[in-house]
Amino acid sequence: MLQRALTHSSANSAASNERLEFLGDRVLGLVIADGLFERYPQDSEGALALKLNALVRKEACAVAAERAGLAEHLILAKQEVKSGGRQKAVILAGACEAVIAALYLDGGMKAARTFIERYWTDSFASLNTDMRDAKTALQEWAQSRPAKATPHYNVVQREGPDHAPRFAVEVHAGDGEPALGEGGSKREAEQAAAQAMLTRLGLWPV
């Protein structure tokens, strides 16, 4: 089962970790939600939801996978290895969720919870009161200005193969200079652009 959990579809599409990933995502969500419910008794549903999203998103799962040392054990096609598959957040996150599912199926919720609590400790500790992402924060700032401008995002460059694209996005908010961000998806690039603009405005922690 562990071998299946570490097998990416590029190596074996018929016996990949995708079904385990589906289950692991749900197990992770329940354990994280339970942990947040206990840790933040004063938080509203909306505040808890923001924290939950921060802890179960792809990037958080990829960090946990790296902490657990899963990257070196991933079973990937040779071409995927050459393209940097062991460092791709989407692959690491999928494997991490699949391992959680394997632990759950083999040892029950206690085994899955032990893994999650061990490798999400730092992520829990890094949560802060304001859990807005950069795009939301920029939107709120722009709407608070006299002109009430709405940020606009434009893809200015796309490069790389389909399985490993790289996007560059510019964001415009009002009459100021645009800010540029890059990422492995449009969403990541937009977030990076919004963060770059907020940093320039002195509204984002460095």
Give a yes or no answer on whether the side chain of W120 reaches the backbone of L55 with a donor-acceptor pair at less than 3.5 Å. yes
side-chain contact (heavy atoms from CB on, under 4.5 Å) partners for T121, two or more places apart: none
Determine, step by step, whether E188 and V169 satisfy the side-chain contact (heavy atoms from CB on, under 4.5 Å) criterion, reporting the C-alpha distance in whole Å, the side-chain angles of both residues, the deciding distance to 0.1 Å, and the verdict. CA-CA 9 Å; E188 288 182 3; V169 168; over 6 Å; no
Which is it for E97 and C61 under the side-chain contact (heavy atoms from CB on, under 4.5 Å) test, yes or no, and what are the steps along the way? CA-CA 7 Å; E97 290 175 341; C61 292; 3.7 Å; yes
What are the two closest non-hydrogen atoms of A65 and L92, and how far apart are they? CB-O, 3.5 Å
Around atom CD of Q143, are there more than 12 heavy atoms of other residues, nucleotides or ligands at under 6.0 Å? yes
Report, as yes or no, whether the 6.0 Å neighbourhood of atom CZ on R118 holds more than 12 heavy atoms from other residues, nucleotides or ligands. no
Kindly work out whether a path of hydrophobic side-chain contacts (I/L/V/M/F/W/Y, heavy atoms less than 4.5 Å apart) joins L180 to L198. no
Take atom CZ of F37 as the centre, draw a 6.0 Å sphere, and report whether it contains more than 12 heavy atoms from other residues, nucleotides or ligands. no
Backbone of A168 reached by a side-chain donor or acceptor of R158 within 3.5 Å: no
Verify the distance criterion only: is there a donor paired with an acceptor across the side chains of R67 and S123 at less than 3.5 Å? yes
Give a yes or no answer on whether the side chain of S13 reaches the backbone of S9 with a donor-acceptor pair at less than 3.5 Å. no
For a side-chain contact (heavy atoms from CB on, under 4.5 Å) check, start with the C-alpha distance between K51 and R39, then their side-chain angles and the critical distance, and finish with the verdict. CA-CA 11 Å; K51 290 181 172 69; R39 286 174 169 84; over 6 Å; no
Starting at CG of N17, measure out to CG of L2 and round the result to the nearest 0.5 Å. 11.0 Å
Check whether the side chains of T136 and Q139 place a donor and an acceptor atom closer than 3.5 Å, and report yes or no. no
Would a 4.5 Å heavy-atom cut-off, applied to side chains only, mark V63 and D122 as touching? no
Same cluster for V156 and M197 if Ile/Leu/Val/Met/Phe/Trp/Tyr side chains link at under 4.5 Å? no
Are more than 12 heavy atoms from other residues, nucleotides or ligands located less than 6.0 Å from atom CZ of R19? no
Identify the two heavy atoms, one from V171 and one from P151, that lie closest to each other, and give their separation to 0.1 Å. CG2-CB, 4.0 Å
Could you measure the distance from the NE2 atom of H8 to the CD1 atom of I75? Nearest 0.5 Å is fine. 12.0 Å
Which heavy atom in N12 sits nearest to a heavy atom in A15, and how many Å separate them? OD1-N, 3.1 Å
Decide yes or no on salt bridge (charged side-chain N to carboxylate O under 4.0 Å, His left out) for K88 and E80, but give the supporting numbers first. CA-CA 10 Å; K88 292 180 182 177; E80 189 62 67; 2.6 Å; yes
Report yes or no: do L52 and Y119 belong to one cluster of Ile/Leu/Val/Met/Phe/Trp/Tyr joined by side chain heavy-atom distances under 4.5 Å? yes
In short, I100 meets G24 closest at the heavy-atom pair CG2-O, 4.0 Å
If I take atom CD from residue Q87 and atom CD from residue E66, how far apart are they, to the nearest 0.5 angstrom? 8.0 Å
Is it true that a side-chain atom of E159 and a backbone atom of R166 form a donor plus acceptor pair closer than 3.5 Å? no
Applying a strict under-4.5 Å side-chain criterion to I, L, V, M, F, W and Y, I'd like to know whether L6 and V90 cluster together. yes
Residues M1 and L20: closest non-hydrogen pair is O-CD1, 4.1 Å
Using 0.5 Å steps for rounding, measure from the CD1 atom of I116 to the CZ atom of F124. 9.0 Å
Are L70 and F22 connected in the hydrophobic side-chain network, where two residues link if heavy atoms are under 4.5 Å apart? no
Once rounded to the nearest 0.5 Å, what's the spacing between atom CD of E182 and atom CZ of F167? 12.0 Å
Ignoring hydrogens and angles, tell me if any N or O in the side chain of R86 forms a donor-acceptor pair with the backbone of L74 under 3.5 Å. yes
Give me each pair satisfying side chain to side chain donor-acceptor pair (under 3.5 Å) with a member in residues 23-37, each pair once, sequence neighbours excluded. D34-R113
Is it true that the NZ or CZ of K135 lies under 6.0 Å from the centre of Y153's six-membered ring and within 45 degrees of the ring axis? yes
Let me confirm one number: the CG-CG distance from L36 to L127, rounded to the nearest 0.5 Å. 6.5 Å
Locate the shortest heavy-atom distance separating E21 from G94; write the atom from each residue and the value. CD-CA, 3.6 Å
